[in-house]
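For reference, the structure is listed below as structure tokens.
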Amino acid sequence: MGPPVLDQRLLRNDPTLITAPLARRGLATDLSGLQQLALEARDLEQQRSELQAEGNRIGRAVGERIRAGAAPGGEEVKELREQGNRIKRQVGELEEQEKGIEAQLMEQLMVLPNLPSPLCPSGRSEADNVEVKRWGTPRLAAEGEELQEHWQIAERLGIVDTERSVRIAQSRFVTLLGQGARLERALISFMLDRHGQRGYTEVLPPVLVNTASLTGSGQLPKFAEESFRCADDDLWLTPTAEVPVTSLHRGEVLAAEQLPLKYAAYSPCFRREAGSYGRDTRGLIRLHQFNKVELYWFVAPEDSEAAHEQLTLDAEAILEALELPYRRIELCTGDLGFSAARTYDLEVWLAGAGTYREISSCSTCGDFQARRASIRCRDGKTTRLLHTLNGSGLAVGRTMAALLEAGQQADGSVRLPAALVPYFGADRIGAG
RNA sequence: GGAGAGGUGGCCGAGUGGUCGAAGGCGCAGCACUGGAAAUGCUGUAUAGGGGCAACUCUAUCGAGGGUUCGAAUCCCUCCCUCUCCGCCA
């Protein structure tokens, strides 16, 4: 019945194998109640299927009698019918109990986050994250120079209109204009082309997704308040292309030879950003709608670790091609996202703000999403859950912010990296 | 949106109440035949869950969910999807 959410065999046999890793996330969970439920569900299923077997035997017996010449409405068959009815009633009762328990089980299991990978460093919060790599030389203000933040630059150049966007939608939306719109488009094309050259299949998915899709990748049921919903339909605005791409293969069994499947999906992303009032209200950093190119891998379980490194390198390659200094941070268990088993965040240097800001988050989800979305791979005779990975490659708005701050010139213009020139059609924005 | 037709295993396709998890074909795998291959023949080929060390076995699944029945792929209801025609539309 129902989709397997967390390995229920594990839950029945040894819940400490679940609670111990969850404790590393800072979650104190007591699964003994759930374990009881799972055992109960198993026992009920056993009872029920035995009864069903008995019912099947009776049904077959009736058929045999009738074929042997018994009257379908006659005495001989009547007794069997009554037995059949009795069993049907009992099965119905058991099924009802089973459904109740199953529902409780699901309700509680679905809100448990993924178990962190053993490789994920322990820690309580952001403060315990580990920097593993730095690339490039951050631009610092020269003597007498004052570096502006991207929203100041953008406003001055007239390439973004925040105020009129409120008229169109509400706050935390932006309208890009002129060279700003063009730069956004150039960046999307640039990223997709680069990833395409590295073996990714380009994807342009639906951005309205159904409840099953959001559940499969882990956004639902727990984070409903984070997504925009279409009230009259079973559809939501996707918060990331990770959602539709996960569901691209939802319910499938993929042949081992097909793996790894590597996708680069561009999509606009929609987030309510509930609970972030007042933070990052200016500029392109925290919007209700933003563009992102997402990298996504479906891999055999034993390949996911190497895939995680490669996916992260692929995201970093974009930053390097754009000459944007960054650092790679490995998240500790306490800072891990809901679906992730292990995560590298990439933080780009924002020269105007004088700080590193997250621009990509590259995670391996192990079999967590595969279990929720039922995605398996076949090797030989057996099938097993595969592993999924995702990472931004990159968040486009934040990339633009970094470029504006990194390339700002004394004359008010912004120099763009050489790699972007063929896409943008010029080597600078503004004056000149 | 209106009218009609349909959704069966990896694919095609039969099956309108009783050993149907489902004929037949294709595909695929193994074996035989061959110098090797093709052709041919034989055998095997769904998924999930439960029990068992295992051989194996039980249950469920013919778009989804309900219902009728001792028994449903087959009958009834609701929903989803696909196709054709009409309407509308970028």
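Proteins get letters first, then strands, A, B, ... in listed order; numbering begins at 1 in each. Values below: every heavy atom of this structure, side chains too, minus hydrogens, waters and symmetry copies.
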Exercise. Is there a side chain to side chain contact (heavy atoms under 4.5 Å, CB included) between A:D303 and A:W297 once you walk through the steps?
Worked result: CA-CA 10 Å; A:D303 296 335; A:W297 291 42; over 6 Å; no
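- For the pair A:L27/A:P113, a side-chain contact is recorded, criterion being any heavy-atom separation below 4.5 Å from C-beta on.
- At the phosphate of B:rG18, neither OP1 nor OP2 sits under 4.0 Å from any side-chain N or O atom of A:R65.
- One interatomic measurement links the two molecules: CD of A:E82 to P of B:rG71, which rounds to 13 Å at whole-angstrom precision.
- Distances shorter than 4.0 Å separate none of the side-chain N or O atoms of A:T383 from OP1 or OP2 on B:rA46.
- When the nearest nucleotides of RNA chain B are assigned to A:G59 and A:G84 by heavy-atom distance, the more 5′-ward of the two goes with A:G59.
- The distance between atom CD of A:E95 and atom P of B:rG49, rounded to the nearest whole Å, is 19 Å.
- Under the Watson-Crick or G-U wobble criterion, with both distances below 3.5 Å, B:rG9 is left unpaired in every strand shown.
- With a cut-off of 3.5 Å on both Watson-Crick or G-U wobble distances, the partner of B:rG87 is given as none.
- Side-chain proximity of A:I66 to B:rU59, B:rG18, B:rG49: nearest is B:rG18.
- Across all strands shown, B:rA37 forms no Watson-Crick or G-U wobble pair with both key distances under 3.5 Å.
- Base-pair partner of B:rG18: B:rC70 (Watson-Crick or G-U wobble, both distances under 3.5 Å).
- With B:rU59, B:rC70, B:rA48 as the candidates, the nucleotide lying closest to the side chain of A:N56 is B:rU59.
- In this structure, of B:rA60, B:rG18, B:rG50, it is B:rA60 that holds the atom nearest to the side chain of A:Q52.
- The A:R42 side chain lies nearest to B:rG51 when the options are B:rA46, B:rG18, B:rG51.
- Contact check, A:R378 against B:rA46: no side-chain N or O comes under 4.0 Å of OP1 or OP2.
- Comparing B:rU61 with B:rU8, their C1' atoms sit 12 Å apart, to the nearest whole Å.
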Polar atom pairs between nucleotides 62-69 of chain B and protein, under 3.5 Å, N or O only, would you list them?
from	atom 1	to	atom 2	distance (Å)
B:rG66	OP1	A:K99	NZ	3.1

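- We find that CD of A:E257 is positioned 13 Å from C1' of B:rG10, with the value rounded to whole Å.
- Every residue meeting the side-chain contact (heavy atoms from CB on, under 4.5 Å) condition with A:P301, not counting sequence neighbours, appears here in chain and number order: A:C377, A:R384, A:H387.
- Nucleic acid contact for A:R86: none, since no nucleic acid atom lies under 4.0 Å from a heavy atom of the residue.
- B:rG30 and B:rG24 have their P atoms separated by 22 Å, with the value rounded to a whole Å.
- Note on A:I87: nothing from the nucleic acid sits closer than 4.0 angstrom, heavy atoms only.
- Across all strands shown, B:rG65 forms a Watson-Crick or G-U wobble pair with B:rC77, both key distances being under 3.5 Å.
- Rounded to an integer number of Å, the gap from CD of A:E50 to P of B:rG52 is 12 Å.
- Distance, A:L11 CG to B:rG49 P: 15 Å, rounded to whole Å.
- B:rG44 and B:rG51: their C1' atoms are spaced 26 Å apart (whole Å).
- Sequence order on RNA chain B of the closest nucleotides to A:T382 and A:L80 puts A:T382 first from the 5' end.
- With sequence neighbours excluded, the residues forming a side-chain contact (heavy atoms from CB on, under 4.5 Å) with A:R182 are A:R185, A:F424, listed by chain and number.
- If you measure from atom CD of A:Q46 to atom C1' of B:rG52, you get 11 Å, rounded to the nearest angstrom.
- For A:H308 and A:Y344, the distance between ring centers is under 6.0 angstrom.
- Taking atom C1' on both B:rA72 and B:rC56, the two are 29 Å apart, rounded to the nearest angstrom.
- Which of B:rG50, B:rA48, B:rU19 sits closest to the side chain of A:R60 comes down to B:rU19.
- As a whole-Å value, the separation of A:R250 CZ from B:rC80 C1' is 13 Å.
- Between the C1' atoms of B:rC89 and B:rC12, the separation comes to 36 Å (whole Å).
- An OP1 or OP2 oxygen of B:rA48 is reached within less than 4.0 angstrom by a side-chain nitrogen or oxygen of A:R376.
- Annotation: salt bridge (charged side-chain N to carboxylate O under 4.0 Å, His left out) contacts of A:R124 (sequence neighbours excluded): none.
- With C1' as the reference atom, B:rU19 and B:rA73 are 16 Å apart, rounded to whole Å.
- Judged by distance alone, the side chains of A:S122 and A:R24 do bring a donor and an acceptor atom under 3.5 Å apart.
- When the side chain to side chain donor-acceptor pair (under 3.5 Å) test is applied to A:N129, the partners found at least two apart in sequence or on another chain are A:D335.
- Centroid-to-centroid, the aromatic rings of A:F190 and A:Y423 come within less than 6.0 Å.
- Partners of A:N291 under the side chain to side chain donor-acceptor pair (under 3.5 Å) rule, at least two apart in sequence or in another chain, are A:E184, A:Y266.
- A 3.5 Å limit on both hydrogen-bonding distances identifies B:rC28 as the Watson-Crick or G-U partner of B:rG44.
- Pair assignment for B:rC53: none, as no Watson-Crick or G-U wobble contacts are both less than 3.5 Å.
- Only the P atoms considered, B:rU45 is 23 Å distant from B:rG50, to the nearest whole Å.
- Regarding A:R9, its CZ atom lies at a distance of 11 Å from the P atom of B:rA48, rounded to whole Å.
- The partner of B:rA23 is absent, by the rule that a Watson-Crick or G-U pair needs both atom distances under 3.5 Å.
- Ring centroid separation for the pair A:Y263 and A:H249 comes in under the 6.0 Å cut-off.
- Within 4.0 Å (heavy atoms only), A:R57 reaches no atom of the nucleic acid at all.
- Here the separation of B:rC81 from B:rA64, taken at their C1' atoms, is 10 Å to the nearest Å.
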